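So the structure is just underneath, and the comments pick up after that.
Values in this document were obtained by computation on a predicted structure and should not be read as measured data. Just the heavy atoms: all of them, side chains too, but no hydrogens, waters or symmetry mates, feed the values below.
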Amino acid sequence: MNELEIKAAETLIELALSEDVGDGDITTDNIIPAESRRKAKMVAKADGVVAGLPIAEMVFRKLDPKLKWDVITNEGSKVKKGEVMVEFEGTYRALLTGERTALNFLQRLSGIATMSARYADAVKDFKTIILDTRKTLPGFRMLDKYAVKTGGASNHRIGLYDMAMIKDNHIEVAGGITNAVKAVRSKIKPAILIEVETTTLKQVQEAIDAGADIIMLDNMDTETMKKGVELIAGRAKVEASGNMTLERLREVAATGVDYISIGALTHSVSALDISQRLEN
């Protein structure tokens with residue numbers, strides 16, 4: 001995890017423990033002696049890709065600085081149902097109090113990594129790169145995108161600040177693609193890329209002429225996408241977006257697009273089923 005991802009994780013862990021534990025775990029704290037220690041493990045209850053183990057460790061270490069943490073299945077690795085992902089030891093109170101919070105992070109991020117791996121594997125014999133979108137859980141942007149990378153796909157822009165994306169509303173206000181690109185280009189640093197969303201081949205040609213760095217072919221049928229790629233002819237990178245199901249990926253990749261962006265990697269993910277088990 002990079003520095004920004006770690007910082008995001010620390011902030012979210014603080015919030016998560018605050019909302020879940022509050023003034024204290026009244027069940028655990030009144031049953032379990034403070035000095036009692038136990039061992040536990042995280043076990044996959046379904047096949048998937050592991051993501052979020054460092055964050056789960058941060059949760060428990062927040063509750064017990066003397067936590068012992070032994071990773072069995074490395075971050076980004078495939079795991080089978082029934083396999084142990086990590087074994088750890090800490091105060092009994094920390095293991096019980098942090099369980100739900102740690103699992104919430106680990107299950108969501110592993111779910112994203114698992115879906116990302118499926119999509120990336122589907123086009124691994126093409127040049128096409130699978131991208132995520134900004135359709136992330138609010139506040140979880142950095143972690144959701146971390147999980148996408150862990151699963152083998154790639155990140156699109158992180159937010160509104162690191163790449164220019166000219167969409168239909170921008171085009172309408174600016175009075176056309178050419179005006180929109182010109183307005184943005186005149187005010188940003190040269191290193192910042194400009195992407196233009198297009199829905200017709202006429203718009204594709206205008207985006208080419210305007211000097212867009214990336215041209216999005218949005219909600220086009222496969223045949224129109226192919227024509228769009230031929231029209232662009234390497235003068236800009238090409239991104240396909242809209243209705244990108246797992247079943248459709250290969251035919252879209254075969255058109256020659258450089259990227260396929262998929263919001264479902266983060267907005268429609270199913271958590272990977274994982275359980276925490278105490279050891280005797």
Side-chain angles (χ1 to χ4, degrees), residues 115-116 119-120 122-136 141 144-145 148-149 153-268:
M115 183 176 286
S116 297
Y119 278 79
V123 297
K124 62 184 179 182
D125 51 340
F126 292 92
K127 70 169 186 177
T128 307
I129 295 171
I130 301 298
L131 297 177
D132 57 18
T133 70
R134 287 167 48 242
K135 296 175 182 178
T136 55
R141 176 70 51 82
D144 281 1
K145 284 182 172 282
V148 168
K149 291 186 298 181
S154 298
N155 296 153
H156 204 294
R157 59 179 178 164
I158 300 300
L160 299 173
Y161 54 87
D162 58 337
M163 192 176 89
M165 171 78 79
I166 298 173
K167 300 171 75 69
D168 54 353
N169 289 329
H170 301 120
I171 293 168
E172 181 180 351
V173 172
I177 290 173
T178 302
N179 290 343
V181 172
K182 184 177 180 180
V184 174
R185 184 78 74 189
S186 67
K187 296 176 182 178
I188 63 173
K189 297 177 181 179
I192 296 178
L193 299 178
I194 296 178
E195 179 167 1
V196 176
E197 178 184 277
T198 66
T199 56
T200 67
L201 294 178
K202 182 179 179 181
Q203 286 187 325
V204 170
Q205 184 62 62
E206 188 177 356
I208 295 169
D209 294 339
D213 299 299
I214 306 170
I215 298 174
M216 179 192 290
L217 309 179
D218 188 44
N219 284 298
M220 293 183 181
D221 60 64
T222 306
E223 187 57 35
T224 304
M225 280 186 189
K226 186 177 179 181
K227 291 178 180 178
V229 172
E230 292 171 352
L231 186 60
I232 294 166
R235 288 175 284 182
K237 293 292 186 179
V238 186
E239 176 185 337
S241 185
N243 299 312
M244 294 299 162
T245 62
L246 192 58
E247 294 73 24
R248 190 187 176 203
L249 281 190
R250 291 185 63 80
E251 71 175 55
V252 173
T255 66
V257 297
D258 298 289
Y259 310 110
I260 299 176
S261 56
I262 302 166
L265 296 183
T266 52
H267 76 57
S268 298

Summary of salt bridge (Lys or Arg N to Asp or Glu O under 4.0 Å) pairs that have at least one residue in residues 222-231, sequence neighbours excluded: none
Separation between CD of Q203 and CD1 of I171, rounded to the nearest 0.5 Å: 5.5 Å
S261 and T133: side chain donor to acceptor below 3.5 Å: no
Summary of side-chain hydrogen bond (donor to acceptor under 3.5 Å, both in side chains) pairs that have at least one residue in residues 170-180, sequence neighbours excluded: T178-E206
Heavy-atom side-chain proximity of I177 to I166 below 4.5 angstrom: no
Interatomic distance, E239 atom CD to D258 atom CG [nearest 0.5 angstrom]: 10.0 Å
Shortest non-hydrogen contact from L265 toward Y119: CD2-CD1, 3.8 Å
Smallest separation among heavy atoms of S268 and M115, with atom names: O-CE, 4.1 Å
Option among R157, K149, K145 that satisfies the side-chain hydrogen bond (donor to acceptor under 3.5 Å, both in side chains) test with D132: K145
Verdict with supporting geometry, I215 and L217, side chain to side chain contact (heavy atoms under 4.5 Å, CB included): CA-CA 6 Å; I215 298 174; L217 309 179; 4.2 Å; yes
Spacing of D221 atom CG and N243 atom CG [to the nearest 0.5 Å]: 11.0 Å
Listed once per pair and sorted, the salt bridge (Lys or Arg N to Asp or Glu O under 4.0 Å) pairs that draw on residues 177-200, sequence neighbours left out: K167-E197, R185-D213
Nearest atoms (heavy-atom pairs only) where V252 meets V257: O-CG2, 3.7 Å
Closest non-hydrogen atom pair, A153 against I130: CB-O, 3.6 Å
Heavy-atom closest contact (T198 atom, A207 atom, distance): CG2-CB, 4.2 Å
Contact check, side chains of T255 and V238, non-hydrogen atoms, under 4.5 Å: no
SB check D125 R250 (cutoff 4.0 Å): yes
Beyond-backbone contact of H156 with R134, side-chain heavy atoms, under 4.5 angstrom: no
pair D168-T199: side-chain heavy atoms closer than 4.5 Å: no
pair M163-I214: side-chain heavy atoms closer than 4.5 Å: yes
Minimum-distance pair of heavy atoms, taken over all atoms of T200 and M220: N-CE, 3.7 Å
